[in-house]
Asks: 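Got a structure here, written out as structure tokens. Questions coming.
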Amino acid sequence: MLMHATIPNRVGNLGSLVESFLPWFGLFVPVLLAAALWRRSASAVAALMLPVTVWLHLFGGLLTDKSHPGGDLTVAQHNVGADNPDAAGTARDLAASGADVLALVELTEQDRSRYEEGLAQVYPYHTVQGTVGLWSKLPLSDTQPVDTRQDVGPAGDAKPADVKLVDNRALRATVATGQGPLAVYVAHLGSARVNPRAGFWTADRDRNAQALGEAVAAEQNPRLVLLGDLNGAMDDRAFAGITSQLRSAQDAAGDGFGFSWPAAFPVVRIDQILVRGVEPMRSWVLPATGSDHLPVAAAISW
């Protein structure tokens, strides 16, 4: 746990895999404790203080409630799921969430209209760029797709811009708040997969993350919120270009780990709310919808 950054990625992307599930390594502590007690070994029990101390150093802060009352703006993000059997019900749940700004990813052509209809009464402003969308109670401007290098190589370069937009997975918009303009990015990075031949396969995700980090670095607005399914935990070194610029609302103002996937039994937080230039006041996970992801929300202040 302590030396996770030194675990190489050369074989099966092992370092990133370990970092994705790093908090769960704490489960070995009670197993080792039981073994030490079974052996009646005082020295083994004493030695367990090392992994306990390391785990608490890494994650102990997440066990306390760091939330504060108030907040000028509530933002939320949800991967609504391409196979969601109840898009209309999910739209109703999200409309009732109280979020001022709502980002949705993994929108499909057949369900897009259901979300637009279900959210229209609460959110008068919205934009959809490919498979990602942003709904807002406040005016939006400067909306545009963000190139996360989804299509690469000669085949991707040959695609016309309108064809690429259909599968676009990131956007940027400006939200007009009472405290000034806020840059909001919505992103759905490539999937991560574990398989016997490739190990922890993250090539598309890592390429997307690098491009997104470059886009954030070029952003002129000092106040920025990134909402998205990044398909990875923020401990993963692949996100260094993003986490070096932005901080997690859950880490700063949440209660617990805020795991969001899979919805039936969440074991990792891959749905993120990251900020710059604003102060996270609260961060929480919303109730399950028809998706295989849980929605996440945060209140921010200036």
Side-chain angles (χ1 to χ4, degrees), residues 71 73-82 84 87 90-91 93-107 111-112 115 118-119 122-123 125-138 140 143 146 148 168-173 175 182-191 205 208-209 212 215-216 224-234 239 242-243 246-254 257-263 266 268-276 278 280-300:
L73 192 76
T74 299
V75 298
Q77 184 276 137
H78 191 25
N79 180 327
V80 294
N84 191 326
T90 298
D93 292 342
L94 295 173
S97 68
D100 301 299
V101 176
L102 172 67
L104 304 185
V105 307
E106 209 166 290
L107 293 167
D111 286 337
R112 172 177 169 175
Y115 291 109
L119 297 171
V122 176
Y123 300 99
Y125 309 97
H126 89 281
T127 180
V128 175
Q129 304 282 337
T131 63
V132 297
L134 185 66
W135 276 257
S136 176
K137 296 179 181 179
L138 303 169
L140 298 175
T143 60
V146 173
T148 55
N168 177 70
R169 292 166 65 121
L171 67 81
R172 181 223 179 266
V175 178
L182 175 70
V184 176
Y185 283 71
V186 181
H188 184 197
L189 303 189
S191 298
R205 185 205 67 179
N208 299 161
L212 183 58
V216 168
L224 182 152
V225 174
L226 168 59
L227 307 165
D229 171 7
L230 304 189
N231 268 310
M234 293 300 93
F239 299 104
I242 296 173
T243 56
L246 309 176
R247 59 176 176 155
S248 164
Q250 182 67 24
D251 288 352
F257 291 94
F259 294 148
S260 64
W261 182 87
V268 64
R269 183 180 177 92
I270 62 177
D271 298 278
Q272 308 293 346
I273 299 177
L274 307 174
V275 303
R276 181 184 78 190
V278 295
M281 304 301 290
R282 290 178 294 128
S283 178
W284 64 99
V285 177
L286 294 168
T289 69
S291 172
D292 59 339
H293 292 244
L294 295 177
V296 295
I300 60 174

Asks: Please report the closest heavy-atom contact between Val101 and Ser136, naming both atoms and the distance.
Replies: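 Smallest interatomic distance, heavy atoms only, reads CG2-OG, 4.0 Å.
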
Asks: When you look at Leu189 and Phe239, which way does the side-chain contact (heavy atoms from CB on, under 4.5 Å) test go after all the steps?
Replies: CA-CA 11 Å; Leu189 303 189; Phe239 299 104; 3.8 Å; yes

Asks: Please check: side-chain N/O of Gln77 versus main-chain N/O of Val296, any donor-acceptor pairing under 3.5 Å?
Replies: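 Judged by distance alone, no pair lies under 3.5 Å.
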
Asks: Would you give the length of the straight line joining atom OG1 of Thr289 to atom NE2 of His78, rounded to the nearest 0.5 angstrom?
Replies: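 If I round to the nearest 0.5 Å, the distance is 3.0 Å.
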
Asks: For Trp135 and His126, take the angle between the two ring planes, folded into 0 to 90°, and tell me which bin it lands in: parallel under 30, tilted 30 to 60, perpendicular over 60.
Replies: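 The rings of Trp135 and His126 lie parallel, inter-plane angle below 30°.
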
Asks: In Å and rounded to the nearest 0.5 Å, what is the OG to CG distance from Ser260 to Asn79?
Replies: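 If I round to the nearest 0.5 Å, the distance is 9.0 Å.
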
Asks: Roughly how far apart are Leu274 CG and Arg247 CZ, rounded to 0.5 Å?
Replies: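 Here the interatomic distance stands at 11.0 Å.
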
Asks: Looking only at heavy atoms, what is the nearest atom pair of Leu134 and Ala173, with distance?
Replies: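 Closest approach of Leu134 to Ala173, heavy atoms only: CD2-CB, 3.8 Å.
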
Asks: Once you round to the nearest 0.5 Å, how far does CG of Leu73 lie from CG of Asp100?
Replies: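 Taking CG in Leu73 and CG in Asp100, the distance rounds to 4.5 Å.
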
Asks: Can you check whether Val175's main-chain N or O pairs, donor with acceptor, with Tyr125's side chain at less than 3.5 Å?
Replies: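 Not confirmed, Tyr125 side chain does not pair with Val175 backbone.
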
Asks: Tell me every residue that passes salt bridge (Lys or Arg N to Asp or Glu O under 4.0 Å) with Arg172, counting only those two or more places apart in sequence or in another chain.
Replies: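 Per chain and number, Arg172 pairs via salt bridge (Lys or Arg N to Asp or Glu O under 4.0 Å) with Glu219.
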
Asks: Taking the side chain as every heavy atom from C-beta outward, state whether His293 and Val105 have any pair of such atoms under 4.5 Å apart.
Replies: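 No, every pair of side-chain atoms sits at 4.5 Å or beyond.
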
Asks: Lys137 vs Val122, test: side-chain contact (heavy atoms from CB on, under 4.5 Å). Steps then yes/no.
Replies: CA-CA 7 Å; Lys137 296 179 181 179; Val122 176; 3.7 Å; yes

Asks: In Å, rounded to the nearest 0.5 Å, how long is the span from CG of Asp271 to OG of Ser291?
Replies: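 These two atoms lie 8.0 Å from each other.
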
Asks: Go through it in stages, so that I can follow the logic: the residues are Tyr115 and Asn84, the test is side-chain contact (heavy atoms from CB on, under 4.5 Å), and I'd like the CA-CA distance, side-chain angles, deciding distance and then a yes or no.
Replies: CA-CA 12 Å; Tyr115 291 109; Asn84 191 326; 3.7 Å; yes

Asks: Would a distance-only check, ignoring hydrogens and angles, find a side-chain to backbone donor-acceptor pair under 3.5 Å from Thr127 to Thr143?
Replies: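 No.
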
Asks: Please confirm whether the backbone N or O of His188 pairs with a side-chain atom of Asp229, one donor and one acceptor, at under 3.5 Å?
Replies: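 No; judged by distance alone, with no hydrogens or angles, the pair does not exist.
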
Asks: Which pair of heavy atoms, one from Gly71 and one from Ala299, lies closest together, and at what distance?
Replies: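 Closest pair (atom of Gly71, atom of Ala299, distance): CA-CB, 4.4 Å.
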
Asks: If you compare all heavy atoms of Ser97 against all heavy atoms of Leu286, which two are closest, and at what distance to 0.1 Å?
Replies: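 Smallest heavy-atom distance, with atoms named: CB-CD1, 4.1 Å.
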
Asks: Please report the closest heavy-atom contact between Pro287 and Leu294, naming both atoms and the distance.
Replies: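 In terms of heavy atoms, the two residues are closest at C-CD2, 4.4 Å.
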
Asks: First locate atom CG of Leu226, then atom CG of Leu212, and finally report the distance between them rounded to the nearest 0.5 Å.
Replies: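 It comes to 5.5 Å.
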
Asks: Please list, chain by chain and in numerical order, all residues satisfying salt bridge (Lys or Arg N to Asp or Glu O under 4.0 Å) with Asp111, sequence neighbours excluded.
Replies: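 For Asp111, the residues satisfying salt bridge (Lys or Arg N to Asp or Glu O under 4.0 Å) (neighbours in sequence not counted) are Arg114.
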
Asks: Which residues pass the salt bridge (Lys or Arg N to Asp or Glu O under 4.0 Å) test with Arg205, not counting sequence neighbours?
Replies: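 Scan of Arg205 (salt bridge (Lys or Arg N to Asp or Glu O under 4.0 Å), adjacent residues dropped) gives Asp236.
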
Asks: Quick one: do Arg269 and Val285 satisfy side-chain contact (heavy atoms from CB on, under 4.5 Å)? Show the steps, please.
Replies: CA-CA 10 Å; Arg269 183 180 177 92; Val285 177; 4.1 Å; yes

Asks: Have a look at Val132 and tell me which of Leu227, Val186, Leu107 forms a side-chain contact (heavy atoms from CB on, under 4.5 Å) with it.
Replies: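 Passing option: Val186.
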
Asks: Could you tell me which non-hydrogen atom of Ala76 sits nearest to which non-hydrogen atom of Ala99, and how far apart they are?
Replies: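 The pair with the smallest heavy-atom distance is CB-CB, 3.7 Å.
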
